[in-house]
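The figures that follow rest on heavy atoms only: side chains count, while hydrogens, waters and symmetry mates do not. Order of appearance sets the numbers: ligands from 1, and atoms from 1 within every ligand.
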Amino acid sequence: MSSRIAELIVSLEQEQTLELVRVRSAAGEDPLALLEECRQGMLDVGQLFHEGEFYLSELMISGEIFKGAMAILEPYLEQVRGGDPIGVVVLATMRGDIHDLGKNIVATLLRVHNFEVHDLGVNVEPETLVEKVKEISPDIVGFSALITTAFESTRRATELLVEEGLRENLKVVVGGGVTTPEFGEYIGADLQTLDASTGVAYCLEAVGAA
Ligand code: B12
C-alpha cells in the first residue's frame, strides 16, 4: 500500500510533501523509514514515466522534491554520528548516468556510520575512478547505477580494477534502481542491493565493525 508521502510525491505536491516530512521527523519518526516512503514515491513516479503518463519534467520535479526531503532528514540522520573514521569508501555513478539521489543517500548513511566517503559524483569515467582508488586505497568501492546504458562503464571500471591489481584489496558493492543480482555478478561485485541500509551493513562487516 502506498504511503501518504509517496502519494504526495506522485502528485508532485512539493510543499505538502516537505511539510509532512518536516512534521513527522520532528515528531521523532525514524528518518530511515521516512526516506523509504520517499523512495517508494520515486519508484511510482518512475513507473508512470515508463508507462508514458509522465514526462521528463515530472521526473525532474520529483527529483527536486526528493532532494528537499533529504535536506530535511539529513540532520536527523546525522544526530547519531561521531568518532574516528572506521573505513574508507569511494562512491560513484559511472559514465552515461547522471542519477545521484540514491548515491547521495548511501554517502550520508556511510558518513553517519563514521566512514570517510569520497563521492566522485556522476558520469564518472572508469579511469578516473581507478586513479582515485590508486591514490587513496579505499576499503570499499560503491557504484550506483540507475540506467542500463551505464552498465558497461560500470563493468569497465571493475575490469580495470582487476587489470590494475587493485581488486583483491577491496570490496565492491553496487546498488541503484535498475540493478539486479545478475548485474552484480556481471561486474563481479561482492554485493548488489537495492537497499542502502543493507549496503551499509555490508560495509560495516567488511571493515570488521559490524
Ligand atoms: C528522479 C529520476 C530522474 C532525475 C534524476 C535526478 C537526480 N539528481 O538523480 C532526472 C530527471 C535527471 C532523470 C533523468 C533521466 N532518467 Co531518470 N529516473 C528518475 C526516477 C524517477 C527516480 C530515481 C531515484 O532517484 N530514485 C530514488 C532513489 C533513492 O532510489 P535509488 O536510486 O534506487 O537508490 C536506492 C537504492 O537503489 C540504493 N542505492 C542506490 N545507489 C546505491 C549505491 C550503493 C553502493 C548501494 C549500497 C546502494 C545504492 O540506495 C538507495 C536508497 O535505498 C527513476 C525511476 C526508478 N525506478 O528508479 C527514473 C529512471 C532511472 N530514469 C530513467 C530514464 C530513462 C532517464 C532519462 C534517460 C530520461 C530522458 N529521456 O532523458 C534521463 C537519464 C539521463 C542520464 N544519462 O542519466 C529510467 C531508466 C530506465 C533504464 N532501464 O535504464 C528510469 C528507471 C525510469 C523508467 N522507469 O523508465 N531521471
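- In terms of modelled atom types and a separation under 3.5 Å, the side chain of Asp44 and the main chain of Val10 share no donor-acceptor contact.
- For Gln47, no nitrogen or oxygen atom sits less than 3.5 Å from a nitrogen or oxygen atom of ligand 1, counting backbone and side chain alike.
- Protein heavy atom at the shortest distance from atom 43 (C) of ligand 1 is Phe143 O, 3.3 Å.
- Close contacts between ligand 1 and Thr193 involve ligand atoms 47 (C) [criterion: under 4.0 Å to a heavy atom].
- By the 4.5 Å heavy-atom criterion applied to side chains, Leu146 and Thr93 are not counted as neighbours.
- Taking every heavy atom of Val173 and a limit of under 4.0 angstrom, the matching atoms of ligand 1 come to 45 (C).
- In this structure, atom 10 (C) of ligand 1 has its sub-4.0 angstrom surroundings free of protein heavy atoms.
- Of all protein heavy atoms, the one closest to atom 38 (C) of ligand 1 is Leu194 O, 3.7 Å.
- Among all protein heavy atoms, the one lying closest to atom 90 (O) of ligand 1 is Phe49 CD2, 3.5 Å.
- Within the listing of ligand 1, atoms 47 (C) sit less than 4.0 angstrom from a heavy atom of Gly199.
- With Phe143 as reference, Leu129 is the one residue of Leu91, Leu129, Thr179 to meet the side-chain contact (heavy atoms from CB on, under 4.5 Å) rule.
- If you check each of Gln40, Glu36, Lys67, Arg39 against atom 52 (C) of ligand 1, the one with the closest non-hydrogen atom is Arg39.
- Side chain of Arg167 to main chain of Gly188: a donor-acceptor pair is present (N/O by atom type, distance under 3.5 Å, no hydrogens or angles).
- Each of Val141, Val106, Ile140 was scored for a side-chain contact (heavy atoms from CB on, under 4.5 Å) with Val89, with one residue passing: Ile140.
- Regarding atom 7 (C) of ligand 1, its nearest protein heavy-atom neighbour is Asp100 OD1, 3.4 Å.
- Short contacts between ligand 1 and Leu146, defined as distances under 4.0 Å to a heavy atom of the residue, involve ligand atoms 32 (O), 58 (O), 61 (C), 80 (C).
- Closer than 4.0 Å to atom 79 (C) of ligand 1 lies none of the heavy atoms of the protein.
- Put simply, Ile72 and Met70 are part of the same group of oily side chains (I, L, V, M, F, W, Y) that touch within less than 4.5 Å, one to the next.
- Under the 4.0 angstrom criterion for non-hydrogen atoms, Tyr202 is not in contact with ligand 1.
- Contact annotation for atom 75 (C) of ligand 1: protein present (non-hydrogen atoms, distance under 4.0 Å).
- Remark: ligand 1 and Ile98 share an N or O pair separated by less than 3.5 Å (distance only, no angle test).
- Surrounding CD of Glu15 are at most 12 heavy atoms belonging to other residues, nucleotides or ligands under 6.0 Å away.
- Ligand 1 places these atoms under 4.0 Å from at least one heavy atom of Asp97: 78 (O).
- When the heavy-atom distances from atom 72 (O) of ligand 1 to Leu43, Asp195, Leu56, Leu59 are ranked, the shortest goes to Leu56.
- For the pair Val174/Leu191, no side-chain contact is recorded, criterion being any heavy-atom separation below 4.5 Å from C-beta on.
- The closest donor-acceptor contact from the side chain of Arg95 to the backbone of Ala150 lies at 3.5 Å or more, if one exists at all.
- No side-chain heavy atom of Thr128 sits less than 4.5 Å from a side-chain heavy atom of Lys132.
- A donor-acceptor contact shorter than 3.5 Å links the side chain of Thr193 to the backbone of Asp195.
- A side-chain contact (heavy atoms from CB on, under 4.5 Å) with Pro126 holds for exactly one of Glu131, Met94, Glu152; it is Met94.
- Taking 4.5 Å as the limit, every side-chain heavy atom of Phe183 sits out of range of all side-chain heavy atoms of Thr148.
- Between the side chain of Asn123 and the backbone N or O of Gly96, at least one donor-acceptor pair lies under 3.5 Å.
- Protein heavy atom closest to atom 84 (O) of ligand 1, with residue, atom name and distance, is Thr148 N, 2.8 Å.
- The protein heavy atom nearest to atom 40 (C) of ligand 1 is Gly176 N, 3.3 Å.
- The distance criterion of under 3.5 Å between nitrogen or oxygen atoms is not met by Thr149 with respect to ligand 1.
- The closest protein non-hydrogen atom to atom 89 (N) of ligand 1 is Gly46 O, 3.1 Å.
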ring-ring contact (aromatic ring centres under 6.0 Å, His included) between Phe49 and Tyr55, worked out: CA-CA 6 Å; Phe49 177 74; Tyr55 296 95; 8.1 Å; no
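- Proximity to Ile147 (heavy-atom distance under 4.0 Å) selects the following atoms of ligand 1: 68 (C), 74 (C), 84 (O).
- In terms of N/O distances under 3.5 Å, ligand 1 is approached by Gly96.
- Of all the heavy atoms of Ile105, the ones lying under 4.0 Å from any atom of ligand 1 belong exclusively to the side chain.
- Of the possible polar contacts, none joining the Asp97 side chain to the Ala145 backbone as a donor-acceptor pair under 3.5 Å is found.
- Residue contacts with ligand 1: Met42 is placed with no nitrogen or oxygen under 3.5 Å of a nitrogen or oxygen of the ligand (distance criterion only).
- For the residues Ser144, Ala107, Gly41, the heavy atom positioned nearest atom 41 (N) of ligand 1 is part of Ser144.
- Each of the following atoms of ligand 1 lies closer than 4.0 Å to a heavy atom of Leu101: 7 (C), 8 (N), 9 (O), 25 (O).
- With atom 51 (C) of ligand 1 as the reference point, the heavy atom nearest to it among Ala69, Ala145, Gly102 is part of Gly102.
- Shortest contact from atom 63 (C) of ligand 1 to any protein heavy atom: His99 NE2, 4.1 Å.
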Using the salt bridge (charged side-chain N to carboxylate O under 4.0 Å, His left out) rule, take Arg156 and Glu127 through it: C-alpha gap first, then chi angles, then the decisive distance, then the call. CA-CA 9 Å; Arg156 182 64 193 136; Glu127 293 75 12; 5.0 Å; no
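- Polar contact check, Val106 against ligand 1: no nitrogen or oxygen pair lies under 3.5 Å apart.
- The closest donor-acceptor contact from the side chain of Thr158 to the backbone of Ile187 lies under 3.5 Å.
- Taking every heavy atom of Met60 and a limit of under 4.0 angstrom, the matching atoms of ligand 1 come to 11 (C).
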